[in-house]
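All residue numbers in this chain count up from 1 along the given sequence.
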Amino acid sequence: MNLHPVRAIYMAEMARTRRTLLQSIVSPVISTSLYFVVFGAAIGSRISEVNGVSYGAFIVPGLIMLMLLTQSVSNASFGIFFPKFSGSIYELLSAPISHLEIVIGYVGAAASKSILLGLIILATSGLFVPLEIAHPFWMLTFLVLTAVTFSLLGFIIGIWADGFDRLQLVPLLVITPLTFLGGSFYSIDMLPPFWQTVTLANPVVYLVSGFRWSFYGISDVSLAASVGMIALFLAACLVAIGWIFRTGYRLKP
């Protein structure tokens, strides 16, 4: 694999982030902080603890995961969609660069931005509540795997989309609702038995639960189930991208 084209794509995408710092970094941090203030103040005054953890600290992993999922998808989808929209994707596809190098460049940049943003939000949350990370290795593992997996999903959405409106269709109508209903702000043990069963069909539950376990050692599902779910989703995204490049699906503007 030639690292020069990968580096060129990666640096170009990261440079775009620096040019739009307010939108790419500052805005998500402020939005997440507002979520934290509103939920922490409104609900935290009524729910002091969840599974032995203060409510303010309990929702921190869920807030990071909410931002991580949406930003990973948005960054990667726009990154590959814009060349399609401008027509420059022809130059990319005709250049001496493999499909793997294209994916690594765009997905790597999107995942890097999301990971950086997640760490910034983690540090910001520490200003509001005392935090502890019981399993730092697993915390970073979930952070990186989730960012990469959903950046791959965003790459697929960017290729599938035929307009700017469709870029936001999946994040707004699918990912955000699933994250809100996936235990980001509550433990599914607080739900009636029927809704606990229904909630377990939500794949985001496994991501949020595993990420929260890395902080406090508590989870709604087993660690093995969380790792298995993200590995399965990662494999599905890789298969889908392989099919896209093999068939040329919507690679033209």
K.L.:
How would you list, by chain and number, every residue that makes a ring pair (Phe, Tyr, Trp, His ring centres under 6.0 Å) with F155, sequence neighbours excluded?
P.N.:
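By the ring pair (Phe, Tyr, Trp, His ring centres under 6.0 Å) rule, F155 matches no residue at all.
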K.L.:
Can you check whether F81 and F164 have ring centres sitting under 6.0 Å from each other?
P.N.:
yes
K.L.:
For residues 121-132, which side-chain N or O atoms pair as donor and acceptor with protein atoms under 3.5 Å away, sequence neighbours left out?
P.N.:
| from | atom 1 | to | atom 2 | distance (Å) |
| --- | --- | --- | --- | --- |
| T124 | OG1 | I120 | O | 2.8 |
| S125 | OG | I121 | O | 2.8 |

K.L.:
Of all residues at least two apart in sequence or in a different chain, which pass the side chain to side chain donor-acceptor pair (under 3.5 Å) check with N75?
P.N.:
none
K.L.:
Hey, could you give me the CG/OG distance between L117 and S72, rounded to the nearest 0.5 Å?
P.N.:
9.0 Å
K.L.:
Quick one, W138 and V227 - any side-chain contact, counting heavy atoms below 4.5 Å?
P.N.:
yes
K.L.:
With a 4.5 Å heavy-atom cut-off, do L223 and F142 have their side chains touching?
P.N.:
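Yes; the side chains approach each other to less than 4.5 Å.
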K.L.:
Among residues at least two apart in sequence or on other chains, which ones pass side chain to side chain donor-acceptor pair (under 3.5 Å) with D162?
P.N.:
R166
K.L.:
The criterion is ring pair (Phe, Tyr, Trp, His ring centres under 6.0 Å); which residues satisfy it with Y206, sequence neighbours excluded?
P.N.:
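For Y206, no residue satisfies ring pair (Phe, Tyr, Trp, His ring centres under 6.0 Å) once neighbours in sequence are set aside.
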K.L.:
Tell me, please, which residues at least two apart from L238 pass side chain to side chain contact (heavy atoms under 4.5 Å, CB included).
P.N.:
L152, L234
K.L.:
Who passes side chain to side chain contact (heavy atoms under 4.5 Å, CB included) against S184, sequence neighbours left out?
P.N.:
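By the side chain to side chain contact (heavy atoms under 4.5 Å, CB included) rule, S184 matches T179, V208.
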K.L.:
Quick check: is F233 connected to V239 through a chain of hydrophobic side chains (ILVMFWY, heavy atoms under 4.5 Å apart)?
P.N.:
no
K.L.:
State which residues pass side chain to side chain donor-acceptor pair (under 3.5 Å) with E13; sequence neighbours excluded, sorted by chain then number.
P.N.:
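Side chain to side chain donor-acceptor pair (under 3.5 Å) check on E13 returns R16.
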K.L.:
Would you mind listing the cluster partners of M11? Hydrophobic ones only (ILVMFWY), side-chain contacts under 4.5 Å, chaining allowed.
P.N.:
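Reading the cluster by chain and number, M11 sits alongside Y10, M14.
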K.L.:
Name all residues meeting the ring pair (Phe, Tyr, Trp, His ring centres under 6.0 Å) criterion together with F82; count only those two or more places apart in sequence or in a different chain, and write none if there are none.
P.N.:
F78
K.L.:
Does Y106 have any ring pair (Phe, Tyr, Trp, His ring centres under 6.0 Å) partners at least two apart in sequence or in another chain, and if so, which?
P.N.:
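By the ring pair (Phe, Tyr, Trp, His ring centres under 6.0 Å) rule, Y106 matches no residue at all.
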K.L.:
With a 6.0 Å cut-off on the ring centroids, do Y216 and F58 count as close?
P.N.:
no
K.L.:
Quick one: side chain to side chain contact (heavy atoms under 4.5 Å, CB included) partners of L172, sequence neighbours excluded?
P.N.:
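With sequence neighbours excluded, L172 shows a side chain to side chain contact (heavy atoms under 4.5 Å, CB included) to Q168, given in chain and number order.
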